[in-house]
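Take a look at the structure below.
Worth saying up front: this structure is predicted, and the values here are computed from it rather than measured. Computation of the quantities below employed the complete heavy-atom set of this structure, encompassing side-chain atoms and omitting hydrogens, waters and symmetry-equivalent molecules.
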Amino acid sequence: MQETAFRLRVGHRLPYSMSDSNTTHFNNPSTFILLGIPGLEGAHIWISIPFCTMYTIAVLGNFTILFIIKMEQSLHGPMYYFLCMLAITDLVMSTSTLPKMLNIFWFNTREINFSACLTQMYVLHCFSAMESGILVAMAFDRYVAICHPLRHSTILTNSVVAKIGLAVLLRSGIFALPYPFLARGWPYCRTNVIPRSYCEHIAVVNLACADIRISSYYGLFDLFSEIGMDVFFITVSYTQILRAIFRLPTKDARLKTFGTCISHLCATLALYMPDFFSSLTHRFGHNVLLHFLVLIANMYVLVPPLLHPIIYGVRTKQIRGRLLRLFTPKRT
């Protein structure tokens, strides 16, 4: 998902922030060079402070969510199992990029092994798609809970939740698999410098001295077949949910029922809005500075893992109550 904006510009090569005199001619590099945020190299130390803070909060927040759900028996239900999957996905996504990003900012360690770059690319694609798929599963959970409340426990059993999780994992893993294979298949003979903070598929293949339209077209196919369908299913689920809510007899009942969906809606917006904004910026903002586009791409791997535990910690009564008991000293 973090490549949505680049996929929309099929076959278009990104501008480089270095001159042609800095371009190295070679055959298939063993390492790539990540620039971090091109144009803002002098501010890397200052940029690293909010990035490190956000990453720390994201890690602590998601581990706290996992700990609370594990310890609280009343939270052992479909919605919270999906929330655990979301927390694990957020941890993997942020950890696959932020430590290397901070190494660039703090120690100027810009080299990344070719295989490590492809691995990072695969993990990012796989787990960003997983995150989207889990949000679909959570939307389905809300649909069943509101539209078919008496059948919720029989429809979403532990076995069904496990099968949904496995299906999301397999779908994401299979659809992400072509990315590193396509990237490995292209010849690289111009430069090994990636004007990014981590290995995005299209940013890597743009370095190839070959026609990369297959990679670009696959990116579009993946975008519409995974993310596009996920957004469609979430929209359908909430259309049905809203219809059921508006049929409730009183305003208080409608507000209370809709309140159970607020956390999921906020989590969905936290995932899709940075990507949507990045897509519009790349699509229509052709004069936007490269460092701004890179910052937006970085926000995609930082903001959702940061916001999800905050959203669910604040909005979910059971989690909030357990968290308060955890940090409130017991009265003797």
Is [Y] reachable from [X] through a run of I, L, V, M, F, W or Y residues, each pair having side-chain heavy atoms under 4.5 Å apart?
{"X": "Phe63", "Y": "Met54", "result": "yes"}
{"X": "Phe82", "Y": "Ile262", "result": "yes"}
{"X": "Trp46", "Y": "Leu302", "result": "no"}
{"X": "Met101", "Y": "Tyr122", "result": "no"}
{"X": "Leu135", "Y": "Leu242", "result": "yes"}

Close side-chain approach of [X] to [Y], heavy-atom, < 4.5 Å:
{"X": "Arg151", "Y": "Val144", "value": "no"}
{"X": "Arg196", "Y": "Leu35", "value": "no"}
{"X": "Thr64", "Y": "Pro309", "value": "no"}
{"X": "Ile47", "Y": "Asn298", "value": "no"}
{"X": "Leu75", "Y": "Ile68", "value": "yes"}
{"X": "Thr119", "Y": "Asn113", "value": "no"}
{"X": "Phe127", "Y": "Met130", "value": "yes"}
{"X": "Ile155", "Y": "Val160", "value": "no"}

Short question: side chain of [X], backbone of [Y] - any donor-acceptor pair under 3.5 Å?
{"X": "Thr95", "Y": "Val92", "result": "no"}
{"X": "Ser172", "Y": "Leu169", "result": "no"}
{"X": "Asp141", "Y": "Ala137", "result": "no"}
{"X": "Arg171", "Y": "Ala129", "result": "yes"}
{"X": "Thr157", "Y": "Thr154", "result": "no"}
{"X": "Glu72", "Y": "Ile319", "result": "no"}
{"X": "Asp222", "Y": "Ala176", "result": "no"}

Roughly how far, to the nearest 0.5 Å, is the [atom2] atom of [Y] from the [atom1] atom of [X]?
{"X": "Ser216", "Y": "Ile202", "atom1": "OG", "atom2": "CD1", "value": "3.5 Å"}
{"X": "Ile227", "Y": "Ser128", "atom1": "CD1", "atom2": "OG", "value": "6.0 Å"}
{"X": "Gln120", "Y": "Ser115", "atom1": "CD", "atom2": "OG", "value": "13.0 Å"}
{"X": "Met85", "Y": "Glu131", "atom1": "CE", "atom2": "CD", "value": "13.5 Å"}
{"X": "Ile69", "Y": "Met79", "atom1": "CD1", "atom2": "CE", "value": "8.5 Å"}
{"X": "Leu220", "Y": "Arg213", "atom1": "CG", "atom2": "CZ", "value": "13.0 Å"}

Practice problem: Could you name each residue pair satisfying ring pair (Phe, Tyr, Trp, His ring centres under 6.0 Å) that touches residues 235-261, not counting sequence neighbours? | Solution: Tyr238-His264
Quiz item: Who else is in Leu166's hydrophobic cluster (ILVMFWY, side-chain heavy atoms under 4.5 Å, direct or via others)?
Solution: Leu170
Quiz item: To which residues is Leu248 joined in a hydrophobic cluster, defined by side-chain heavy-atom contacts under 4.5 Å among Ile, Leu, Val, Met, Phe, Trp and Tyr, whether direct or through other members?
Solution: none
Quiz item: Will you find, in the side chains of Tyr179 and Ser215, an N or O donor that is under 3.5 Å from an N or O acceptor?
Solution: no
Practice problem: Go through the steps to decide whether Phe232 and Val236 satisfy the test side-chain contact (heavy atoms from CB on, under 4.5 Å), and finish with yes or no. | Solution: CA-CA 6 Å; Phe232 171 76; Val236 170; 3.8 Å; yes
Distance-minimising heavy-atom pair for [X] and [Y]:
{"X": "Ala253", "Y": "Thr257", "answer": "O-OG1, 2.8 Å"}
{"X": "Arg254", "Y": "Ile245", "answer": "CG-O, 3.0 Å"}
{"X": "Ser197", "Y": "Gly36", "answer": "OG-O, 2.8 Å"}
{"X": "Val294", "Y": "Pro195", "answer": "CG2-O, 3.6 Å"}
{"X": "Lys100", "Y": "Thr109", "answer": "NZ-O, 2.9 Å"}
{"X": "Ile241", "Y": "Cys261", "answer": "CG2-SG, 4.0 Å"}

Quiz item: Considering the options Asp90, Asn62, Thr89, which one meets the side chain to side chain donor-acceptor pair (under 3.5 Å) requirement together with His308?
Solution: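 With His308 as partner, side chain to side chain donor-acceptor pair (under 3.5 Å) holds for just one option, Asp90.
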Practice problem: Give a yes or no on whether Leu269 atom CG has more than 12 heavy-atom contacts from other residues, nucleotides or ligands under 6.0 Å away. | Solution: yes
Quiz prompt | Derivation of the side-chain contact (heavy atoms from CB on, under 4.5 Å) call for His201 and Leu182 | solution = CA-CA 9 Å; His201 172 251; Leu182 286 170; 4.3 Å; yes
Quiz prompt | Chi angles and distances behind the side-chain contact (heavy atoms from CB on, under 4.5 Å) call for Trp106, His44 | solution = CA-CA 7 Å; Trp106 289 340; His44 274 176; over 6 Å; no
Practice problem: Apply the test side-chain contact (heavy atoms from CB on, under 4.5 Å) to residues Val204 and Tyr188: give CA-CA distance (whole Å), side-chain angles for both, the deciding distance (0.1 Å), then the verdict. | Solution: CA-CA 10 Å; Val204 173; Tyr188 298 90; 3.7 Å; yes
Practice problem: Please work out which of the three classes, parallel, tilted or perpendicular, describes the rings of Phe175 and Phe221, given edges at 30° and 60°. | Solution: parallel
